[in-house]
Amino acid sequence: MHQYISDFANYAGKEVTVKGWIANIRKSKTNLFFSFRDGTGFVQCVASLEALGDEMFEQAKNLTLESSVAFTGNVVQDERQEGGFEVQVSSMKIYHIADGFPLAQREKDLGVKYLEDNRHLWLRKKRQWAIMRVRNQIIMGIHEFFQNEDFVQMDAPLLTGSACEGTTDLFETEFFGQPAFLSQSGQLYAEAMAMAQGKVYTFGPTFRAEKSDTPRHLAEFWMIEPEMAFYENEDNMDLIERFVKHVIGRILNRCQQELKVLERDFSKLQMVVDKTFPRITHAEAVEILTGRQEVNGRNAIQIQEQDLEEAKQRIEECKKEISERETAIKAGMKKGARKFNEAKIIALRGEIENLEHKVRNIPQWIESAKNFQHGEDFGGSDETLLTRVFDAPVMVYNWPAKIKSFYMKEVDGNPDLVKGVDLLAPEGFGEVIGGSERETDINVLIRKIKEHELDQNDFEWYLDLRRYGSVPHSGFGLGLERLVRWICNLKHVRETIPLARRYGRITP
RNA sequence: GCCUUCAUAGCUCAGUUGGUUAGAGCAUCUGACUGUUAAUCAGAGGGUCACUGGUUCGAGCCCAGUUGAAGGCGCCA
């Protein structure tokens with residue numbers, strides 16, 4: 001039997017055997033310092049000539065990056081080490097010597113295309129390890145919340161015979177000679193189940209065939225869809241707020257180490273747990289977005305104008321620093337210092353490139369926000385601008401009916417609006433939850449199905465839910481990967497799922 | 001689908017108004033040194049400058065097309 005790094009607190013001063021892979025190596029004449037990983041964590045293993053003897057030390061010298069090995073040795077407390085321990089190796093067993101691991105460099109120094117091509121190996125890197133562990137805890141937190149609240153987990157079908165919501169592009173397949181589609185949502189089925197169980201939630205894969213190549217879109221992703229009988233939209237919003245706070249609270253409690261690896265700002269997440277989520281109508285959101293209404297003295301348009309100015313200034317600073325360093329290099333300096341300065345210059349050029357993207361994009365965003373009309377749907381940049389004036393996630397409700405799905409309940413006395421609610425995450429992460437109270441009136445529903453040019457025959461079973469004991473009910477859908485991206489503060493959803501399937505990417 | 005930017009060593013990138021034999025860091029290999037933690041030092045190998053065509057005495061650099069990538073928009077969760 002062997003031991004795991006995560007249990008080392010119980011083994012201080014004792015001998016253990018750990019089995020895993022070499023994550024990094026530093027060599028000296030009489031010592032080999034291995035950064036070692038076993039899946040549960042990372043620890044430094046020190047192989048000394050003194051402890052191993054000539055023969056085994058020679059063998060240990062052959063260990064390369066990502067070679068697999070079992071080390072036996074004492075667990076020693078050492079404050080200098082991450083995690084507080086190191087293993088002083090007394091013997092070892094080599095499983096396999098790896099040759100030329102393709103991701104030998106720091107993750108930061110590798111290109112995103114190259115990393116994605118090597119996703120099967122990229123997963124071994126520390127940052128990716130941390131993300132997958134946070135994802136796991138998010139999943140557990142989601143189940144924990146709903147199970148504690150007496151929800152029943154249900155599995156909705158993945159194959160459907162018709163394009164349910166009628167709005168999105170679906171992957172088409174074949175079902176015993178008939179056309180079939182991969183599910184884009186389990187919601188309608190969840191509604192049926194909610195009429196049987198009261199409170200239910202789905203947790204399953206979802207497929208969208210839109211050709212959306214953006215940092216927040218996947219073709220195959222995991223969605224959580226709770227559905228509650230006798231819930232109005234206000235109850236729905238209360239639930240969303242408690243739910244998100246619960247999951248993030250759990251991550252703050254359980255994933256300190258992982259968030260540290262990811263250099264995540266804890267205070268931003270703590271704020272989500274502590275603050276009340278603002279709730280604004282879509283009409284108010286438009287006023288804020290266009291800069292006509294301010295929130296706590298903050299103006300959405302002005303914030304962007306400031307960002308633009310700051311970016312421009314920073315570009316000038318970077319350029320100045322580059323020319324200063326170049327001049328200094330030309331004047332002559334020691335080799336070490338020259339290398340250092342050259343590395344700095346390359347980093348500054350990278351920063352300038354990112355800032356120049358920003359400088360090009362912000363004016364377009366401002367233009368789009370200023371000209372925003374009531375009744376429209378928000379674009380990605382609009383969501384970013386909107387959330388910048390708040391420091392907690394914001395819930396936008398009462399949406400224009402024409403941009404939302406047919407099943408959403410109309411606002412009393414105003415059929416142009418529906419009781420939808422979107423949760424927009426702060427820091428520019430945008431929509432992570434979309435939900436609504438569902439229409440209960442069969443006649444309204446039939447009218448809406450026609451208005452959306454859907455085939456009523458496909459929805460007869462759904463209409464039955466309104467024929468037999470129709471009740472007010474609500475629910476929402478959460479995109480798991482969008483939540484992981486937000487909590488981990490990632491640039492792109494490709495890092496939030498082990499093997500991403502998105503537009504232009506189906507391997508590895 | 002649209003816009004912007006880009007494509008140079010295994011990887012990340014420099015390469016000046018077009019001018020001899022295209023450079024650096026990391027990675028790999030050799031050696032030195034050191035309880036190291038982005039280790040350091042000395043050396044070596046590694047390139048059809050994305051592809052096709054054009055301009056020119058001369059193209060990594062200019063022009064056209066093709067392919068691919070990054071960021072943004074749209075569509076959407």
Side-chain angles (χ1 to χ4, degrees), chain A residues 23-35 42 44 46-48 64-65 76 78 80-82 86 88 99-118 165 167-169 184-185 187 206-219 221-225 322 326 329 335-336 338-347 349-350 353-365 367-368 377-384 403 405 422-425 429-435 476-483 485 491-493 503-504:
Chain A
N24 197 13
I25 307 168
R26 284 173 291 276
K27 292 180 180 178
S28 81
K29 195 167 191 177
T30 55
N31 286 305
L32 301 168
F33 300 96
F34 297 108
S35 172
F42 290 74
Q44 174 163 280
V46 186
S48 69
T64 52
L65 218 59
V76 176
D78 184 342
R80 291 169 296 183
Q81 301 305 324
E82 212 182 309
E86 74 172 17
Q88 293 183 344
D99 187 18
F101 185 63
L103 306 183
Q105 284 165 277
R106 284 181 306 158
E107 197 182 321
K108 280 177 185 170
D109 289 340
L110 292 162
V112 50
K113 168 75 158 55
Y114 185 78
L115 286 168
E116 218 174 348
D117 286 342
N118 290 285
E165 294 182 30
T167 51
T168 45
D169 296 321
Q184 56 156 336
S185 165
Q187 181 207 311
T206 307
F207 305 91
R208 301 281 166 91
E210 287 111 18
K211 294 177 177 175
S212 302
D213 185 10
T214 84
R216 58 185 190 283
H217 285 92
L218 291 168
F221 63 100
W222 289 72
M223 189 149 71
I224 294 91
E225 293 177 290
I322 286 173
E326 278 176 341
I329 289 171
K335 193 174 179 183
R338 183 169 60 83
K339 279 180 190 167
F340 176 81
N341 277 291
E342 282 169 354
K344 278 278 183 199
I345 287 169
I346 286 177
R349 282 194 179 119
E353 200 184 324
N354 285 334
L355 288 166
E356 280 175 343
H357 276 300
K358 218 172 162 183
V359 168
R360 274 195 295 271
N361 290 327
I362 289 177
Q364 293 172 25
W365 294 0
E367 214 39 42
S368 153
D377 200 359
F378 299 122
S381 65
D382 301 321
E383 288 176 357
T384 305
I403 58 169
S405 302
D422 281 7
L423 181 77
L424 306 181
F429 287 104
E431 183 178 351
V432 290
I433 283 176
F476 62 89
L478 165 78
L480 177 63
E481 286 74 19
R482 287 187 175 180
L483 182 62
R485 179 179 173 226
K491 278 187 169 176
H492 201 292
V493 285
Y503 183 57

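As the structure is a computational prediction, the values presented were derived from the model and not from experiment.
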Problem set entry | A/E225 vs A/S185, side chain to side chain donor-acceptor pair (under 3.5 Å): CA-CA, chis, key distance, verdict | CA-CA 8 Å; A/E225 293 177 290; A/S185 165; 2.9 Å; yes
Problem set entry | Separation of atom CG in A/D377 from atom P in B/rC73, rounded to whole Å | 14 Å
Problem set entry | Length of the CG-P vector between A/L355 and B/rG71, whole Å | 16 Å
For this session: Send over the distance from A/I25 CD1 to B/rG35 C1', rounded to a whole Å.
Result: 17 Å
Problem set entry | Intermediate values then yes/no, side chain to side chain donor-acceptor pair (under 3.5 Å), A/D99 and A/T64 | CA-CA 7 Å; A/D99 187 18; A/T64 52; over 6 Å; no
Problem set entry | 5'-most by nearest nucleotide on RNA chain B - A/F33 or A/V432 | A/F33
For this session: Consider the side chain of A/Q44, meaning its heavy atoms from C-beta on, and name the nucleotide among B/rU36, B/rA27, B/rC73 that approaches it most closely.
Result: B/rU36
For this session: Please figure out whether A/F378 or A/E86 has its closest RNA chain B nucleotide nearer the 5' end.
Result: A/E86
Problem set entry | Strand partner of B/rA70, provided both Watson-Crick or wobble distances fall under 3.5 Å | B/rU4
Problem set entry | A/R106 side chain, from C-beta outward: closest of B/rA38, B/rG71, B/rG35 | B/rA38
Exercise. For B/rG18, which nucleotide is its Watson-Crick or G-U wobble mate, given both distances must be under 3.5 Å?
Worked result: none
Exercise. Separation of A/I362 atom CD1 from B/rG71 atom P, in whole Å?
Worked result: 17 Å
For this session: Begin from the C-alpha positions of A/D213 and A/K211 and carry the test side chain to side chain contact (heavy atoms under 4.5 Å, CB included) through to its verdict.
Result: CA-CA 6 Å; A/D213 185 10; A/K211 294 177 177 175; over 6 Å; no
Exercise. Taking the side chain of A/V46 as its heavy atoms from C-beta onward, which of B/rG71, B/rG35, B/rA27 lies nearest to it?
Worked result: B/rG35
For this session: Grab the CG-P distance between A/L65 and B/rU28 for me, whole Å please.
Result: 7 Å
Problem set entry | Working for side chain to side chain contact (heavy atoms under 4.5 Å, CB included), residues A/L103 and A/Y114 | CA-CA 9 Å; A/L103 306 183; A/Y114 185 78; 3.4 Å; yes
For this session: Could you state the atom-to-atom distance from OH of A/Y114 to P of B/rC13 in whole Å?
Result: 13 Å
Problem set entry | Base B/rG74 paired with A/E210 side chain (donor-acceptor, <3.5 Å) | no
Exercise. Between B/rG72, B/rC75, B/rU37, which nucleotide gets closest to the side-chain atoms of A/R216?
Worked result: B/rC75
Problem set entry | Contacts of type side chain to side chain donor-acceptor pair (under 3.5 Å), residue A/S381, not counting sequence neighbours | none
Exercise. Between the side-chain atoms of A/Q105 and the base atoms of B/rU28, is any donor-acceptor pair under 3.5 Å?
Worked result: no
Problem set entry | Gap between atoms CG and C1', on A/N31 and B/rC33 respectively (whole Å) | 13 Å
Exercise. From the list B/rG72, B/rU4, B/rC75, which nucleotide is the closest neighbour of the side chain of A/R360?
Worked result: B/rU4
Problem set entry | Given B/rG35, B/rG72, B/rU37, the nucleotide with the shortest approach to the side chain of A/R26 | B/rU37
Problem set entry | Residue matched to B/rG47 through Watson-Crick or wobble contacts both under 3.5 angstrom | none
Problem set entry | Nearest-neighbour nucleotide for the A/Q81 side chain, B/rG35, B/rC73, B/rA27 considered | B/rG35
Seminar exercise, completed: Of the listed B/rG35, B/rA69, B/rC11, the closest approach to the A/L110 side chain comes from B/rC11
For this session: Whole angstrom is fine here: how far is it from NZ in A/K113 over to C1' in B/rU12?
Result: 16 Å
For this session: State which of B/rA39, B/rG71, B/rC75 makes the closest approach to the side chain of A/N24.
Result: B/rA39
Exercise. Paired with B/rC13: which nucleotide, if any, by Watson-Crick or G-U wobble criteria at under 3.5 Å for both distances?
Worked result: B/rG23
Exercise. Counting only N and O atoms by type, is there a donor-acceptor contact under 3.5 Å from the side chain of A/E481 to the main-chain atoms of A/W222?
Worked result: yes
Seminar exercise, completed: Testing B/rG74, B/rU36, B/rG71 for proximity to the side chain of A/S212, the answer is B/rG74
